[in-house]
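A quick write-up on the structure given underneath.
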Amino acid sequence: MARRLLRRFLHTAVICAVVATSVFVLMQFAPGDPFATALDGPDVPPSVRAEWRARYGLDLPPTERFVRWGIALARGQLGYAASRRQPVVDVVADALPRTLLLVGTALLLGFAAGVWIALLQTRHHRRWQDRVLGACTLVGVAVPEFLLALVAMTWLGARWHIFPVAGIGSLGDAAGWPLWERMIDLAWHLALPAGVLALAVASRVARHQRAALLGVMREDFIRTARAKGLGEWDVLRRHALPNAIGPVIALLGLALPSLVGGAVLVERIFGWPGMGQTLFDALLARDYPLVVAAVLVATLLAVVARTVTDAIANAVAPRRATGAM
Amino acid sequence: MTALLEVRDLSVEYTARDANAPRAVRAVDGVSLDVQRGETLALVGESGSGKTSLGRAILRLVPAAAGSVQFDGTDVLALSHDALKAFRRRAQVVFQDPKASLDPRMCVGDIVREGIDIHALAPREAGDLRVAHLLEEVGLSARDAHRFPHEFSGGERQRIAIARALAVEPVFLVLDEAVSALDVLVRAQVLDLLATLQATRGLTYLFIAHDFAVVERIATRVAVMQRGRIVECAPTASLFSAPASPAAQALLAAIPRIPW
Amino acid sequence: MTTGAWHHLRNDAGARAAAAVLAAAAACAVLAPALAPYDPTIQPDPVALRLLAPSWQHPLGTDPFSRDVFSRMLHGARVSLGVAAGAMLLSVTLGTALGALAAVMGGWVDTAVASLVDVLIAMPRLLVVIALVATFGTLSPWWLVVLIGGSGWLTTARIVRAEFRDHLQREYVVAAVALGASRWRIIRRHLLPAVAPQIAITAALALAAVIPLEAALSFVGFGIQPPLPSWGNIILDGVDYLTSAWWMVVFPVGAVTITVGSALVLADRMRVAVGGEEHEP
Amino acid sequence: MINSAVRPAAAAVVAVLIVLSAACRGADTGPSGGVLVVSVGADANSIFPPFGVGTQDRVVSELLYDKLADIGPSLNTIGDIGFEPKLARSWEWSRDSLTITFHLDPRARWHDGRPVTSADVQYAFRVWTDSAVGVAQRVALSSIDSISAPDALTARVHFRERTPAQFYALVYTLVPLPAHRFAAIADTALRDAPEVRAPIGSGPFRFVSWTPRARLELAANGAYYTGRPRLDGVVFVVAAQGATVAARLLAGEADFLEQLAPPDFAQLPADGSVRAQPYGGFDYGFVQFNLRDAANPLAPHALFGERAMRRALTMAVNRTTLVRSVFDTLGRPAIGPFSRTQWTADTTLRGIPFDSAGAAHVLDSLGWRDANGDGVRERNGRPLAFSLLVPASSRVRQTAAVLLQAQLKAVGVRVNIDQVDFNAWLDRAQRGAFDALVGAVRTSPSPRGVRDLWGTPGPGRGAQNWGQWSNATFDAQVDSALAATSTDAVRAHFRVAYQSAIDDAPAIWLYEPRLFAGVHRRLSVRALRPDAWWSGVASWSIDPAQRLPRDRRAATTP
Amino acid sequence: MSPLLAICGLSVDAAGARGTPSTPILRDISFGMRPGETVGLLGASGSGKTSLALAVLGLLPPALRAHGAIHFDGHEMLSASRGARRTLRGRRVAMVFQEPLSALNPRMRIGAQVAEVALAHGEHNTQRAARTALDMLARAGLTDAEDQARRLPHELSGGERQRVLLAMAMLLAPALLIADEPTSSLDVTVQAQVLALLRAEQRQHGMALLLVSHDLSVIATTCERTLVLHDGRLVEDVPTRQLIVAPEHPQARALVAAVRRGPPPLEHGT
């Protein structure tokens, strides 16, 4: 067990090193620097620009910068986010919990809803319930997320005032509210962005889960369960679902990066400053310490998510012993 | 005359992907056996006893961990790429599950002529003729060449598999549970076919089975395998009348006898 | 694809409808110059004729530049579907090649490919493409194909690798090995045909993933350069007018949704045709 | 950009609002209380005055910090005419104009209660000019030799040379900083010091909290020396997506939006809860030609090296149509290298009129003819085509580029739009790696900026003249204008300079947007100063009858 | 004695794909079984044996349509409601399947799988159900049942799995047990043990047994009467002994001959 963890850790470390290096190299080719906007003024002489570049070591040759940066990174120093005028750690510490909350909520809600939809569809396979839900999930997968977000923001937020248009919490004396009121306020602000993402997740999960359930429903042990005299819901819940949910969980782990990618636009539209938006802004600002850090965090998250989902998937559905050798 | 096949101290290992650490499992453990030209050596054992691994290791379909395999005087385990290809013309295999061993996307003609093409044994038309011949030899019709495996019954599929093996004109066949998956009715027919082919083509068989019932009819000698080792090897008649090892005795006792 | 699956697919109303939609979209793309009533870049009067609601002259209305949205949609299909198809072909080819290589070669090649997949799969594709576009500056549609295609081969590679490894264990492949078939022959004659349906499914899924990606890329301003129309940049042109000029958004989004939906349905039906979807009451 | 159906209505609304806003201007007394919520599209980067660069940086830092004196409503930048006292209650000039003595308001306090002293002015000067700190606008103070402090409330500024705008440059740039708080921090460490993220200022609002990229909160400074602001606080809420920024205002979640985009007008609520308030702006947009070859800066550009070509292209562009299409009635064609809001602006200059036939004729005479019938002119087999560099960050500029592309296509010129992200755009612009670009500037009230934008690149000028245009008349007249001390003389010199720029066509002067702030009904605002809409926030008020839960907050007096 | 099971004119068709005619799987089958009777159903693969077994339980795949009548225990199975059929399954009629590995839920502990039968039929006390299941597992010959009950199917050997399936089927002492090729996927040595267990249980509880197999030797040792199915038709319905001695139908004759023949006279090599 310890050896496996060690292997996993080493594997992750190698992945991170590769990712960090490639991002660093890539950023060297990108035109511009983090101060472009700051130094874009008629009264900024070239000498100031040179000073700024020197301050952040941008005037060093790339190889030396790479070595310095690599050493610092290995020590766990993520550096300074020049475009944000904050240490990278602070930026990440600020944005990461928000993304985790958003993506986590979307994931849980979407997963639960998706599984539930799939169960309903399987129960009523090839009847109208199945078809209607199938059409809904199809649309949910096919419509671009950013459009859903815009529509939700425009109508549910701006037009009908059901949810806040954007933001991470209410203004005014919200800071002085009791904890539960602040939680409700947070949930209320989270509703639209998390809802849009959850819709996308639910659609994908439902489609995969339905296919997986139908696959399992053809297995012999389902016939055994029916021969025992179990009702259809029991057969589905007790026998089919536990055997069909593993791959869907594993798939969800794989799909996490794309969810984060979709979250970029959703975060942007709902003014939810999380990692996606941070990374996007950092990319545009050529703030490579921040880009590298954000990508590393995303990579680590993805790896962790995959490890966790794989573990869950394994625990939920232990690999069946393969017949002969 | 020396034996066609001489196996000495052959071992096969697998890496079992267990929950924790990968560990080596010895499926075949130092087996030695000879197969004489023209005979049928039956290899019998319960599932998991290592008989399939042994058969595949002899044909170099799985790597051997130790030991040697001499086929007609050459060391099979040391063959170069080209020599291995030549060896594959002489030694062929028929598997247990006729459904899994035939490519479902190829028509029967293509399946049977694959060996002919690989070894460039015949040009296009001559090849077709040979395929037709082979199909008739195993009890099918030349017209079946254009049909697909799923259109055939289990017994017919096994005939196709036999035809495929015979297409390269081997002298040695490993019949890996070749009749185990068949109905009793079909099983008898295929066994008859195998016997006929052996007689007409002078083939040598290594007949792998888990059941004494089938072995009784076809084998010259029987080797009983248990946990990777050969525990008994004797001519069929003597083994059936006086099994020495407990494994052989158990197998013999398990043959269902109809109370006539 | 086995004949059975093919037959099943051809008799499947859903698959036929999805294929018909995709074919129609492709036909629009190919025949755009003949079908489009106007030049998609012509701006007759960007003051008086801008943002006209759908009418007989302009069945899908006009955009903020007074260009005919219908004509732009048709030409946009050319660009969007062209990029999507190109990227899909590239990613599926790349994925198949790498997946097959990993499965057949095994050893360090397998480890290398698997690690590469592990690394790349951890990164959000949209951001990777944005980063690359930002690095290279402006991109022609060809480069977009390369970028999007080059970042999308992971799924195919994973699936092809797994399927290849599965089939390599099967007796019909072992039988071919026993007949003396070379690796290349086994790949070509047995494995590729066996895995072809799975590849076709990943191709349909890749198509379904790429079309919205182009739209999202356009939405953040990194897509196809104007004046070339693509569904993505038609949406971008209209997104500021979501409430006042719905036709600018509804039609391109509808086109994206229907095309993506059809690709997904096709993938579904193929999966059913290959694996069978039978459910006992 | 307004849907044609609602355009007349919008025009009427605009007319009514201008009247309304004029009416509001008089209301100096009004209720106090309430929190102003401003919806913004970009968060501040630094709210510490020396490090501020973007507009939002200035907005926040100028609410937090007072200047010595502020520019008056006339926006004059010559001498000190019209300047209003702030931290400096009064000032006097030495006879040679090389020394200005400021008398600080004895009531002025930092937010922590300490008085504002002349040492704070001295410290600020050190921060601005020390290269170890690296303030970008250092050069604006280059004419100042030193600042002395005869006593705690007197700061004496010594200039090296006299310039007409020396007062403006000083008070507009240099903001007194709390020396007692920062002096202990080494200059090199100041930039990244955590203190600068939660600064202590002297202005009408004090810092409360800042959640980067989400919200920044200020509260009324109860001890403000000219009286507590009427508002209890100001909150900036940030969203990166333009649609969201507007939606917040339209949904009533924010009270103010600096600039409504043309599409927003179509969405103004029918109940009139949000109005559009016009104010002048200092923006203008243009297509800048690169007169040097993109690959070889020593060689002239194959197309734009020729004056006739630049003029022909200018002639081919119908700017009226372009502006109407981009801005509807919310913009005007630009005249030359200036904005109409600048006091040096001259609306009587001769522009190059739109004349596509004339443009075609000139192109013909230059030898550019469409010989192969593909719709694009060629000369010696080379097509008349160039690429137009556009930043992906600006919808207006992208739209303008697309319109321009179509207009030039009509005279046989092919424009390839090269749309890149802002950073890459700026990088290529600065390196001169472009044929032409769509640029836009927001100038300061001072006319000095024109020298950096359009003066021949060289010492002291042309820092942002990416097109490398060079015109001796222009340079000489601008220099004379900036040296002149009478406003009439300044105007006269600029008139000649502007005309030479227009005639020489280093750029196609495209548009000048009219700015319209979005203001919620419950908010009463004073007139918005074109260079700084926030300058009067301290006197804005919120209707007590329309208070919202978000207006409730703890007492703001420290 | 009134029959426990009476099948009259049962036909099963596979609904063809659109347009194509449906293929008959079973044609006009009629036979009956008395309580406690042991009947063998003999036929080559593809003769429709499994479909017949599934039809009795009402578990035919949706693509298959049954006509005719199946009277079991006072119910008409084909027209009975889902609920009615459900309450009969597992309690009055149970089935043992061919592949014990795939017939067991791979991720449910076997004790729970057995106990589930009781829980599905009115037992609400989970502990009591678990205890019943343990007793039954022990009776089915599972050594160390308490320990084994906590395992997952893949941790058991083939013979043990088949015992679990048998325990599951026998738990509520059904009136009719249908065993579909219960031994054909097992090792020969285990086959004999499972068959012996089946016979013992049948005798002890006096239940009726329908044993489906392609191998006459399996049926001959267990069943009083044998039905021979060929190509969807019932071609023989005779006492087993009579079938062995004098098979009438050619197919029956072939099936008997297949197990009867001794070693063939082979000429080995030359």
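Residue numbers start from 1 in every chain, and the chains themselves are labelled A, B, ... in the order their sequence lines are given, proteins ahead of strands.
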Honestly, the part of A/Pro87 sitting under 4.5 Å from a heavy atom of chain D is neither
Whatever's closer than 4.5 Å to a heavy atom in chain D on A/Tyr80 counts as side chain
Under 4.5 Å to a heavy atom of chain A? For D/Val237 that would be side chain
When the 4.5 angstrom heavy-atom criterion is applied to D/Arg197 and chain A, the contacting part is side chain
Do D/Arg191 and A/Arg85 come within less than 4.5 Å of each other through their side chains, counting heavy atoms only? yes
Cut-off 4.5 Å, heavy atoms of chain A, and the answer for D/Asp421 is side chain
Pair A/Arg84, D/Asp43 - check side chain to side chain contact (heavy atoms under 4.5 Å, CB included), show working. CA-CA 10 Å; A/Arg84 296 284 297 264; D/Asp43 195 9; over 6 Å; no
Any non-hydrogen side-chain atom of A/Gln86 less than 4.5 Å from a side-chain atom of D/Asn45?
no
Smallest heavy-atom separation, A/Pro164 atom then D/Glu253 atom, equals CA-OE2, 3.2 Å
Using a 3.5 Å distance criterion without hydrogens, assess whether the side chain of D/Thr244 forms a donor-acceptor pair with backbone atoms of A/Ile269. yes
- Task: Begin with the C-alpha distance, continue with both residues' side-chain angles, and end with the deciding distance and a verdict on side chain to side chain contact (heavy atoms under 4.5 Å, CB included) for D/Ser131 and A/Glu51.
- Result: CA-CA 8 Å; D/Ser131 65; A/Glu51 278 165 27; 3.5 Å; yes
Honestly, the part of D/Val441 sitting under 4.5 Å from a heavy atom of chain A is neither
Task: Side chains of D/Arg213 and A/Thr278 in contact at under 4.5 Å (non-hydrogen atoms) - done: no
**Asked** Are any non-hydrogen side-chain atoms of D/Val235 and A/Leu171 less than 4.5 angstrom apart?
**Response** yes
Note: vs chain D, highest number of non-hydrogen pairs under 4.5 angstrom among A/Ala158, A/Ala166, A/Ala285 is A/Ala166
Bottom line for A/Arg159: the part with an atom under 4.5 Å from chain D's heavy atoms is neither
Most heavy-atom pairs under 4.5 Å with chain A, out of D/Ala239, D/Ser46, D/Pro212, D/Ala247, belong to D/Pro212
**Request:** Measure from the side-chain N and O atoms of D/Arg215 to the backbone N and O of A/Gly167, and report whether any donor-acceptor pair falls under 3.5 Å.
**Result:** no
Cut-off 4.5 Å, heavy atoms of chain A, and the answer for D/Val133 is backbone
Whatever's closer than 4.5 Å to a heavy atom in chain A on D/Ala429 counts as neither
Comparing D/Ala251, D/Pro194, D/Ala246 against chain A, the one with the most heavy-atom pairs below 4.5 Å turns out to be D/Ala251
Max heavy-atom pairs within cutoff under 4.5 Å with chain D, candidates A/Leu265, A/Thr154, A/Asp94, goes to A/Asp94
Whatever's closer than 4.5 Å to a heavy atom in chain D on A/Asp90 counts as neither
One should read off an interatomic distance between A/Ser83 OG and D/Asn423 CG, to the nearest 0.5 angstrom, of 9.5 Å
Q) Could you walk me through whether A/Glu267 and D/Gln241 pass the side chain to side chain contact (heavy atoms under 4.5 Å, CB included) check? A) CA-CA 9 Å; A/Glu267 282 181 357; D/Gln241 193 73 32; over 6 Å; no
